[in-house]
Structure formats: C-alpha cells, structure tokens
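Both backbone and side-chain heavy atoms feed into the values below; hydrogens, waters and symmetry mates do not.
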Amino acid sequence: MNLDRARELIQVQLQFKSGYNRNSVRMVLAEVQKIHGQAAVDQLIRELDLENRFDLRPGTDFSSLR
C-alpha cells in the first residue's frame with residue numbers, strides 16, 4: 001500500500017467516529033509500518049491529527065496487529 005492510498009483510507013475512517021473506525025485506522029497503520037517503517041506511520045499520525053481524533057500516538061508499534 002502506498003502512502004497516498006493509506007492517507008485516503010484513513011480520511012474515510014475519520015468521517016466516522018466509532019471505536020471500529022479507530023481499529024480500522026490502526027490496521028492501515030500496521031500495513032504502512034510493515035512496508036514504509038515507523039517514520040511513515042508517525043508522519044501520518046501527525047499529519048492527520050490521529051492523536052487527538054483516535055488517541056494514536058507517534059512512536060506506537062502497530063506490528064502486532066498484522
């Protein structure tokens with residue numbers, strides 16, 4: 001998955017605000033981490049304000065979700 005596609009998928013999930021959408025975002029971030037590394041995940045978290053919206057913090061390891 002490229003970063004533009006990940007960004008697009010996360011933005012769709014941000015339109016909704018349930019716990020299920022948070023989990024979906026975490027799954028997308030896990031895939032990004034697998035392919036692009038932690039720096040890309042942290043960039044998306046900051047860029048899309050996921051810390052405030054879903055309490056997802058930069059530096060979090062999402063690899064256990066694979």
Side-chain angles (χ1 to χ4, degrees):
M1 172 184 316
N2 67 43
L3 293 177
D4 289 332
R5 179 67 176 147
R7 190 175 290 110
E8 181 182 310
L9 291 171
I10 292 171
Q11 288 173 337
V12 168
Q13 296 304 313
L14 289 173
Q15 294 175 8
F16 310 103
K17 296 191 181 196
S18 76
Y20 295 110
N21 299 100
R22 180 183 186 272
N23 192 48
S24 297
V25 169
R26 292 175 72 223
M27 298 295 285
V28 171
L29 293 175
E31 187 68 20
V32 168
Q33 183 175 355
K34 177 175 138 184
I35 297 169
H36 301 285
Q38 187 65 45
V41 170
D42 292 347
Q43 175 188 344
L44 287 172
I45 290 172
R46 288 184 186 102
E47 177 183 327
L48 299 172
D49 196 27
L50 299 178
E51 189 166 3
N52 288 323
R53 295 177 182 209
F54 287 127
D55 198 32
L56 301 173
R57 292 176 170 65
T60 301
D61 180 11
F62 295 97
S63 63
S64 64
L65 298 175
R66 296 183 211 156

Legend entry - Residue pairs passing the salt bridge (Lys or Arg N to Asp or Glu O under 4.0 Å) test where at least one lies in residues 1-14, sequence neighbours excluded: Asp4-Arg7, Arg5-Glu8, Arg7-Glu47
Legend entry - Ser24: partners by side-chain contact (heavy atoms from CB on, under 4.5 Å), with sequence neighbours left out: Gln13
Inset, instruction - Over all heavy atoms of both residues, which pair between Leu29 and Val41 is shortest? Give the atoms and the distance, please. - result: O-CG2, 3.5 Å
Legend entry - Closest non-hydrogen atom pair, Met1 against Leu9: CE-CD1, 3.9 Å
Inset, instruction - Write down the atom of Arg57, the atom of Thr60, and the distance for their closest heavy-atom approach. - result: O-OG1, 2.7 Å
Legend entry - Single-linkage hydrophobic cluster, 4.5 Å side-chain cutoff, Val12 and Ile45 together: no
Inset, instruction - Starting at CD of Gln38, measure out to CG of Asp61 and round the result to the nearest 0.5 Å. - result: 6.5 Å
Inset, instruction - Using the test side chain to side chain donor-acceptor pair (under 3.5 Å), find all partners of Asn23 that sit at least two apart in sequence or belong to another chain. - result: none
Legend entry - Which atom of Arg46 lies closest to which atom of Pro58, heavy atoms considered: NH2-CB, 3.6 Å
Legend entry - Heavy-atom pair of closest approach, residues Phe54 and Phe16: CZ-O, 4.1 Å
Legend entry - For the student: nearest non-hydrogen atoms of Leu44 and Leu3, plus distance: CD1-CD2, 4.3 Å
Legend entry - Flag side-chain contact, heavy atom, 4.5 Å: Leu50 against Leu14: yes
Legend entry - Main-chain N/O of Arg26 paired with Glu31 side-chain donor or acceptor, under 3.5 Å: no
